[in-house]
Number of protein chains: 2
Amino acid sequence: MPPRKNQPSASPAPAVSMADLARELGVSMTTISRALSDHHSIGAATKQRVLKLAKKLNYQPNHLAAALRKGQSRLLGVVVPYIEGKFFPSVIQGIEQAASKAGFSVIVCQSHEDVQLERRNVETLLNARVAGVLVSLARNTREFQHFDKVRSRGIPLVFFDRIPPGELVNSVVLNDYQGALQATSHLLEQGCRRVAHLAGPQHLNIYQQRRQGYLDALAAHGLSAPEELVIYSDMAVEDGAQAMRQLLALPTPPDGVFGAGDSGILGALQVLKRQGIRVPQDVALAGFSNEGFTAITEPQLTSVDQRCEEMGAATVRLFLELATAPDAPFAQRQVVLQPELFVRASSLHQTLERV
Amino acid sequence: MPPRKNQPSASPAPAVSMADLARELGVSMTTISRALSDHHSIGAATKQRVLKLAKKLNYQPNHLAAALRKGQSRLLGVVVPYIEGKFFPSVIQGIEQAASKAGFSVIVCQSHEDVQLERRNVETLLNARVAGVLVSLARNTREFQHFDKVRSRGIPLVFFDRIPPGELVNSVVLNDYQGALQATSHLLEQGCRRVAHLAGPQHLNIYQQRRQGYLDALAAHGLSAPEELVIYSDMAVEDGAQAMRQLLALPTPPDGVFGAGDSGILGALQVLKRQGIRVPQDVALAGFSNEGFTAITEPQLTSVDQRCEEMGAATVRLFLELATAPDAPFAQRQVVLQPELFVRASSLHQTLERV
DNA sequence: TTGTACGCGTTATCAG
DNA sequence: CTGATAACGCGTACAA
């Protein structure tokens, strides 16, 4: 018995192509193509015949070939810093939904907060001839040449949430300023008189905006923010804890804290509870992002919701506009979403005081 | 008025192709191709010349064309029920990392727990000529014909976590039984004598396994589980709360609870605290999934970690094996990952009693 | 309304 | 070792 190395037992199973349909029906491929793409120059009868056979043979278009021909695919490239936590998965969720509704699939790449990787991701997407590139910048991205290639190939480029500062780009962002303004105002209206701020890295525009919203809310209430009440960090849990300790060591500690991120506020909360300081009676808290855990802590945390799904949907909508608009490269559009403040126990002075 | 450098529509900026390199160097495209793909039949000198020019002109290969020619792309299709929460993002994270290391990009599709959508997703991926399909089933998927097309095209198909029951498929799963066994044994070793179980829907194999692990752990300690100590639900937070109330109403309430999911255990914890019952002194708790919030609750929750990233990595590894193995369609491989118990305060009797 | 022929960028086969 | 040539599947001027 001869040893069989290449056994053909599993038929390589051919995908049925337009040529197959053409041969079967005795017409040209052009006719097939027109019937399938609903072209106007086609007889109604012929069209029906083609469509019928296509269904019968379960014809599936080869997107690759079409993409090669037309120079681009029905793929949307997305670059995000990471996909853990709540924010980016939710945004991607929104992107995915809107994209698939418009007939696009989505490729997701992570930059892991690394410009190098971000650069490579963009290359990868261009090589895949994506129809559009949707980006949220890595934390340490300071120069943006790698995106010029995208634009110069005429591929729609939309930034969301983390956008290049001061650049004229297509972008979808949350009104971080407004969110911070709301949150801080809320704290003041609850009776806080010394509100501190846990600020994030100021080279990221979102953290700039949040800080400014905080400052302006104070100003609107006739208050100014002493230097020592604004503490800068990367907003991790431990950063927030550290910041809170620092604030408590002040001659006059704050009676309210607005954090530019929920993790930082969580750290602050832990420190406060550990030291027996009551929340919200002694110190009220409000954060940013409306992370899942804000509804789990005790007390639950007031936070600004970022409308994640909507941001994703808006990003895709903007892409679609650019993809169809003839002057796409010239019009740089900005979309600004309004945040929503979720008020929970950590900032409700009166209510909790009654308990 | 600044000079405008970026005028994409004016200069649609063609990507440089192999033909360009060939023309420039006065050699044939074949030579270019060989130089770039590190073929053996190529002069070292020629190769260097080609590579140098490629760098200089910033040549980027057109994956689409290569894919068309070879019949498949360097894309990996992933179908998951959803991408919210912790589990699937983490698994995708693992997939992404392993995939990109092997030179593959990832397309993520969501089935939204709907077979119809799952079917369409699979079609989409096949149309994109992906190199492999990685699937975690929708909750209500009971028949699996749509996956036959994948196999019959000779495309590697790997299921992870949610796999078809009783089918012979390539799969990567967690040893849920082992995890439940560990968690329950741990509670018993901490001194619990009446351990209850919050069980999940029993038509899902993972919840069956977890229940069985619980039962066997009891048996191994010479205990049997009274009917009333096992409560079935969908394991949402409120389900867990309801179940806990039910358990507390028993003539002899439990002194430990193992939940088949962290959300359920969270609900239980909230009820216990509200009723002034101490955790872990009066009732010890252990959950499953090691969700992010387990480190945030007070006390922190003991939980079984599902090795999410590793599951993703293992899934890709299995795909790579199948992609290279000649007998791929015939060998159906199963990979079983060992879970890891993260012990936290909610189950540490002695330690906390000292405090 | 339909068919012919070519090109998208790459790889595989065969000749030299 | 190198080169010419033919596919891969589809879209689209151009001709009929």
Side-chain angles (χ1 to χ4, degrees), chain A residues 12-51 54 57-75 126-131 153-155, chain B residues 12-51 53-54 57-75 103 126-131 153-155:
Chain A
V16 34
S17 76
M18 293 199 344
D20 300 324
L21 299 184
R23 199 178 321 109
E24 190 81 13
L25 253 61
V27 299
S28 81
M29 278 182 45
T30 314
T31 305
I32 306 291
S33 174
R34 286 190 176 129
L36 294 173
S37 54
D38 213 26
H39 195 273
H40 61 276
S41 298
I42 181 84
T46 336
K47 186 155 108 185
Q48 285 314 314
R49 284 207 309 153
V50 173
L51 292 180
L57 297 191
N58 189 29
Y59 164 79
Q60 297 295 137
N62 187 332
H63 292 171
L64 247 43
L68 176 59
R69 180 69 231 288
K70 303 208 290 193
Q72 69 160 40
S73 67
R74 297 291 282 182
L75 257 41
L126 284 180
N127 295 354
R129 299 306 191 265
V130 294
R153 290 236 186 116
I155 295 175
Chain B
V16 34
S17 77
M18 295 197 345
D20 299 325
L21 299 184
R23 200 178 320 111
E24 191 81 13
L25 253 61
V27 299
S28 79
M29 281 182 37
T30 314
T31 304
I32 305 291
S33 175
R34 284 189 178 128
L36 294 173
S37 55
D38 212 26
H39 196 274
H40 62 275
S41 300
I42 180 84
T46 334
K47 187 155 107 184
Q48 284 314 314
R49 283 208 308 152
V50 173
L51 292 180
L53 184 68
L57 296 191
N58 189 29
Y59 164 79
Q60 296 295 137
N62 186 333
H63 291 171
L64 247 45
L68 174 60
R69 181 59 233 263
K70 302 209 287 198
Q72 68 159 43
S73 66
R74 298 291 281 182
L75 256 40
L126 285 180
N127 295 355
R129 298 308 191 267
V130 294
R153 291 239 185 115
I155 294 174

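Note: hydrogens, waters and symmetry copies are ignored here, and every other heavy atom, side chains too, is used. Chain letters run A, B, ... following the sequence lines, proteins first, then strands; residues in each count from 1.
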Undergrad: How close do Leu64(B) and Ala67(A) get, heavy atom to heavy atom, and via which atoms?
TA: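 In this case the closest contact between Leu64(B) and Ala67(A) is CD2-CB, 3.3 Å.
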Undergrad: Starting at CZ of Arg74(B) and ending at C1' of dT10(C), how long is that distance when rounded to a whole Å?
TA: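 These atoms are roughly 15 Å apart.
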Undergrad: At 4.0 Å (heavy atoms only), tell me whether Met18(B) reaches a base, stays on the sugar-phosphate, or touches nothing.
TA: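 Base, at least one base atom sits under 4.0 Å.
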Undergrad: Give the residues of residues 38-48 of chain B touching DNA chain C, defined as any heavy atom closer than 4.0 Å, sorted by residue number.
TA: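 By residue number: none to list.
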Undergrad: Tell me which residues in residues 64-73 of chain A put a heavy atom below 4.0 Å from DNA chain D, sorted by number, or none.
TA: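 Close to the strand are Ala65(A), Ala66(A), Arg69(A).
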Undergrad: Measure CG/Asn62(A) against P/dT10(C) and give the value in whole Å, please.
TA: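 Interatomic distance, CG of Asn62(A) to P of dT10(C): 17 Å.
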Undergrad: Under a 4.0 Å heavy-atom cut-off, which of residues 26-36 of chain A touch DNA chain C?
TA: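 Heavy-atom contacts with DNA chain C come from Val27(A), Ser28(A), Thr30(A), Thr31(A), Arg34(A).
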Undergrad: Among all residues two or more places apart in sequence or in another chain, which pass the salt bridge (charged side-chain N to carboxylate O under 4.0 Å, His left out) test with Arg69(A)?
TA: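 Per chain and number, Arg69(A) pairs via salt bridge (charged side-chain N to carboxylate O under 4.0 Å, His left out) with no residue.
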Undergrad: Minimum heavy-atom separation for Ser73(A) to Ala128(A), with atom names?
TA: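 Smallest heavy-atom distance, with atoms named: OG-O, 3.8 Å.
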Undergrad: May I have the distance from Arg23(B) (atom CZ) to dG9(C) (atom P), rounded to whole angstrom?
TA: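 It is 11 Å, rounded to the nearest whole Å.
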Undergrad: If you compare all heavy atoms of Ile155(B) against all heavy atoms of Ala131(B), which two are closest, and at what distance to 0.1 Å?
TA: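 That would be CG2-O, 3.6 Å.
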Undergrad: Is there a side-chain contact between Val130(A) and Gln72(A), using heavy atoms and a 4.5 Å cut-off?
TA: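 They are not in side-chain contact.
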Undergrad: Specify the separation, in whole Å, of atom CG of Asp20(B) and atom C1' of dG9(C).
TA: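 Atom CG in Asp20(B) sits about 10 Å away from atom C1' in dG9(C).
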Undergrad: Looking at Arg129(A) and Arg153(A), what are the two nearest heavy atoms and their distance?
TA: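 Nearest heavy atoms, Arg129(A) then Arg153(A): NH1-NH1, 4.2 Å.
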Undergrad: How close do Asp20(B) and Ala15(B) get, heavy atom to heavy atom, and via which atoms?
TA: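 Taking Asp20(B) first and Ala15(B) second, the nearest heavy atoms are OD2-O, 4.1 Å.
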Undergrad: What is the minimum heavy-atom distance between Gly103(B) and Arg74(B), and which atoms define it?
TA: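 Shortest heavy-atom contact: O-NE, 3.5 Å.
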Undergrad: I'd like to check the salt bridge (charged side-chain N to carboxylate O under 4.0 Å, His left out) partners of Lys47(A); sequence neighbours left out, ordered by chain and number.
TA: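 Salt bridge (charged side-chain N to carboxylate O under 4.0 Å, His left out) list for Lys47(A), sorted by chain: Asp38(A).
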Undergrad: Can you measure from OG (Ser37(B)) to CD1 (Ile32(B)) and round to the nearest 0.5 angstrom?
TA: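 Going from the OG atom of Ser37(B) to the CD1 atom of Ile32(B) covers 11.0 Å.
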Undergrad: Using a heavy-atom cut-off of 4.0 Å to chain A, what are the terminal contacting nucleotides of DNA chain D, in 5' to 3' order?
TA: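 Footprint of chain A along DNA chain D, 5' to 3': dG9(D) to dC14(D).
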Undergrad: Evaluate the side-chain proximity of Leu126(B) to Gln60(A): yes if any heavy-atom separation is below 4.5 Å, no if none is.
TA: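 When only atoms from C-beta onward are counted, Leu126(B) and Gln60(A) do not touch, as no gap falls below 4.5 Å.
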Undergrad: Kindly compute the distance separating OG1 (Thr31(A)) from CE (Met18(A)), expressed to the nearest 0.5 Å.
TA: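 Reported to 0.5 Å precision, the distance equals 9.5 Å.
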Undergrad: Heavy-atom distance under 4.5 Å between the side chains of Leu25(A) and Thr46(A), does that happen here?
TA: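 They are not in contact (no side-chain heavy atoms under 4.5 Å apart), so the answer is no.
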